[in-house]
Amino acid sequence: MEKVFSKKRLLKELNDCPSYEGIDPAELAEKLAGLAEIGRTVGGGVSRFPYKVEEKQAKQLFSGWMEEMGLAVKEDAIGNLFGRLDGENPDLPVVLTGSHLDSVPNGGAFDGPLGCVSSLLAVKALIQSGAPLKRSVELVVFVDEEGTRFNNSLFGSRTLMGEVKKEDLMKFKDQNGKVLYEAMKESGFDPDNISSAYRNPKEIHAFLELHIEQGKRLEAEGKNIGIVNGIAGPVWTSFTFYGETDHAGNTPMEYRKDTVAAAGEFILAVEQMPRIFSETAVATVGKMNIFPNGTNVIAGKTELMVDARDIDENARDRMIAALKNTAKEIAQKRGLSVEVKEEVKIPPVVVPNKIQEAVREAAETSGLTAINIPSGAGHDAMIMGKYVPSGMIFVPSLNGKSHSPEEWTSLPDCVNGIQVMKKALKRLAND
């Protein structure tokens with residue numbers, strides 16, 4: 001069985017696709033395949049990084065599609081790409097929809113591109129239907145969502161909302177030492193005029209993004225659509241245990257001050273902690289450093305990083321406080337010390353009821369099954385949601401795979417997502 005993206009694999013499911021007015025599954029497959037060829041890797045994945053030729057080619061292709069639909073297309077000073085469909089009252093705040101086209105190294109063909117193409121084809125279906133729209137609808141392709149090249153994720157949406165200043169552009173470099181500011185200038189953009197890319201939040205009525213789930217719940221429960229009710233805010237906290245470095249052979253067990261053993265006990269506590277505070281909380285130890293890291297040496301220092309997330313900020317913060325206390329208790333019991341530092345803290349975003357209801361109604365009136373689901377991953381909607389009403393539509397991911405060449409969402413599931421996007425956009429544009 002083929003495990004990576006191909007147009008042929010996608011079209012095998014063409015006859016299984018539902019029929020919705022104005023939505024052509026073959027066109028969807030064609031457009032996803034066209035994007036997937038840009039930056040294609042030997043392993044069947046996709047590598048497209050900001051301010052590189054592959055990302056430029058992908059945006060040019062997408063820009064052409066928007067122009068063919070009659071949208072007014074523009075690119076701002078940093079590379080965010082827009083396509084506007086005017087409503088009956090162009091002066092009203094707009095409905096914004098879209099995602100991103102950049103990728104992680106050797107990533108998949110759906111993360112980002114499916115969101116962009118879904119918004120594109122949903123708007124195309126609305127145009128073809130002749131349905132009146134009170135508000136204008138704007139498509140957006142955000143630049144540098146993944147943060148792969150400059151370790152500066154969600155750059156396009158943060159800039160749009162005025163969070164990035166000119167001086168910030170000098171702080172980020174790629175692995176070759178290229179400064180973000182210089183990369184932007186070399187690509188023909190205008191970093192000196194970054195403020196022109198800012199958008200007044202009052203000009204945006206709502207933002208809606210479609211995305212693959214990047215998890216297994218929709219698939220496991222046999223549901224068509226995930227109605228995202230919140231986007232979890234991550235907190236990264238480092239815990240460093242200090243003990244004594246000793247010989248592994250000559251130090252009796254009762255005399256040891258082993259920081260790896262303490263870290264192991266703490267890691268098990270991290271695994272158990274989320275269930276105590278919230279059904280939607282998660283906590284992970286994904287990074288650990290042992291010093292001096294020798295096979296026959298009792299480690300006198302062990303560092304680990306905890307990623308804790310929840311859509312409930314209060315529950316998340318109480319969980320982190322409990323983890324800090326647990327680390328101190330473990331250290332005290334073992335005759336060690338522990339240093340705790342909060343490295344990153346981002347507030348969660350709650351999706352407004354009006355957007356959840358728009359997505360729910362769109363799914364139900366299309367005969368699709370839907371469930372509420374939190375997003376544990378960060379998305380541009382997380383940034384937008386800090387300033388304007390924002391929501392997300394999830395479609396199933398095969399085996400939960402993402403950020404890999406094996407990332408896959410069936411063509412029928414993609415088409416269902418476009419149908420829900422179309423109806424939800426229509427409702428929001430007529431608010």
Side chain to side chain, Gln214 and His379, heavy atoms closer than 4.5 Å: yes

Chi angles and distances behind the side chain to side chain donor-acceptor pair (under 3.5 Å) call for Glu213, Ser397: CA-CA 6 Å; Glu213 181 191 352; Ser397 297; 5.5 Å; no

Backbone of Ala131 reached by a side-chain donor or acceptor of Ser129 within 3.5 Å: yes

salt_bridge(Lys52, Asp102) N-O dist < 4.0 Å: no

Glu167 atom CD, neighbour heavy-atom count above 12 within 6.0 Å: yes

Side chains of Tyr387 and Ile204 in contact at under 4.5 Å (non-hydrogen atoms): no

Ion pair check, Glu219 and Lys216, cut-off under 4.0 Å: no

Lys/Arg-Asp/Glu bridge criterion (N-O < 4.0 Å) met for Lys165, Asp168: no

Within 6.0 Å of NZ in Lys423, more than 12 heavy atoms from elsewhere: yes

Side-chain donor or acceptor of Gln356 paired with backbone N/O of Val351 under 3.5 Å: yes

Closest heavy-atom pair and its distance - Arg217, Asn372: NH1-O, 3.3 Å

Student check: side-chain heavy atoms of Val117 and Leu28 closer than 4.5 Å: yes

Distance-only polar pair, side chains of Thr237 and Glu342, donor-acceptor under 3.5 Å: no

Backbone of His403 reached by a side-chain donor or acceptor of Asp111 within 3.5 Å: no

Arg149 side chain reached by Asp144 side chain, heavy atoms, under 4.5 Å: no

Smallest separation among heavy atoms of Thr369 and Gly222, with atom names: OG1-O, 3.8 Å

Whether over 12 other heavy atoms sit under 6.0 Å from Lys74 NZ: no

Salt bridge flag under 4.0 Å for residues Glu343 and Lys341: no

Separation of Ile418 CD1 from Ile393 CD1 (nearest 0.5 Å): 10.5 Å

Main-chain N/O of Glu163 paired with Tyr198 side-chain donor or acceptor, under 3.5 Å: no

Between Asn106 and Ser47: side-chain donor-acceptor atoms closer than 3.5 Å: no

Flag, side chain of Arg316 to backbone of Asp310, donor-acceptor distance under 3.5 Å: no

Whether Phe155 and Tyr51 hold their rings parallel, tilted or perpendicular, with breakpoints at 30° and 60°: perpendicular

Minimal non-hydrogen separation, Ala232 against Met382, with atom names: O-SD, 3.9 Å

Side-chain (Ser136) to main-chain (Gly87) donor-acceptor, under 3.5 angstrom: yes

Side-chain (Arg309) to main-chain (Gly376) donor-acceptor, under 3.5 angstrom: yes

Full working for salt bridge (charged side-chain N to carboxylate O under 4.0 Å, His left out) between Lys59 and Glu75: CA-CA 10 Å; Lys59 287 165 66 179; Glu75 199 169 29; 2.9 Å; yes

Test side-chain contact (heavy atoms from CB on, under 4.5 Å) applied to Lys345 and Asp317, step by step: CA-CA 10 Å; Lys345 188 172 186 178; Asp317 292 348; 3.7 Å; yes

Other residues, nucleotides, ligands: >12 heavy atoms within 6.0 Å of Lys426 NZ: no

Non-hydrogen side-chain atoms of Phe142 and Ile383 separated by less than 4.5 Å: no

Neighbour count above 12 (heavy atom, 6.0 Å) for Asn89 CG: yes

Leu114 CG to Glu209 CD distance, which is reported to the nearest 0.5 Å: 10.5 Å

Side-chain heavy atoms of Met288 within contact of Glu303, under 4.5 Å: no

For the student: nearest non-hydrogen atoms of Pro347 and Glu313, plus distance: CB-OE2, 4.0 Å

Step-by-step side-chain contact (heavy atoms from CB on, under 4.5 Å) determination, Phe5 to Arg9: CA-CA 7 Å; Phe5 180 91; Arg9 181 184 176 192; 6.0 Å; no

Main-chain N/O of Leu92 paired to Lys134 side chain as donor or acceptor, under 3.5 Å: no

Test: Lys178 and Glu186 ion pair at under 4.0 Å: yes

Gln419 side chain vs Ser366 backbone, donor-acceptor pair below 3.5 Å: no

Closest non-hydrogen atom pair between Glu21 and Ala125, with its separation: O-CB, 4.1 Å

Lys386, NZ atom: more than 12 neighbouring heavy atoms under 6.0 Å: yes

Asn200, CG: over 12 other non-hydrogen atoms inside 6.0 angstrom: yes

Nearest non-hydrogen partners of Ile290 and Asn293, listed with the distance: O-CB, 3.1 Å

Note, Ser402 side chain near Phe110 side chain (heavy atom, < 4.5 Å): no

Carboxylate-amine/guanidinium contact Arg84 Glu138, below 4.0 Å: yes

Expected output: side-chain Ser119 to main-chain Gly115 donor-acceptor under 3.5 Å: yes

Residues Lys124 and Glu68 bridged, charged N to O under 4.0 Å: no

Donor on one side chain, acceptor on other, Asp380 and His100, under 3.5 Å: no

Check: Val359 and Val228 side chains under 4.5 Å, non-hydrogen atoms: no

Arg360 and Glu357: CA distance, side-chain angles, deciding distance, salt bridge (charged side-chain N to carboxylate O under 4.0 Å, His left out) verdict: CA-CA 5 Å; Arg360 182 174 292 105; Glu357 285 304 314; 2.6 Å; yes

Point-to-point distance, once rounded to the nearest 0.5 Å, from CG of Leu96 to CZ of Arg135: 13.0 Å

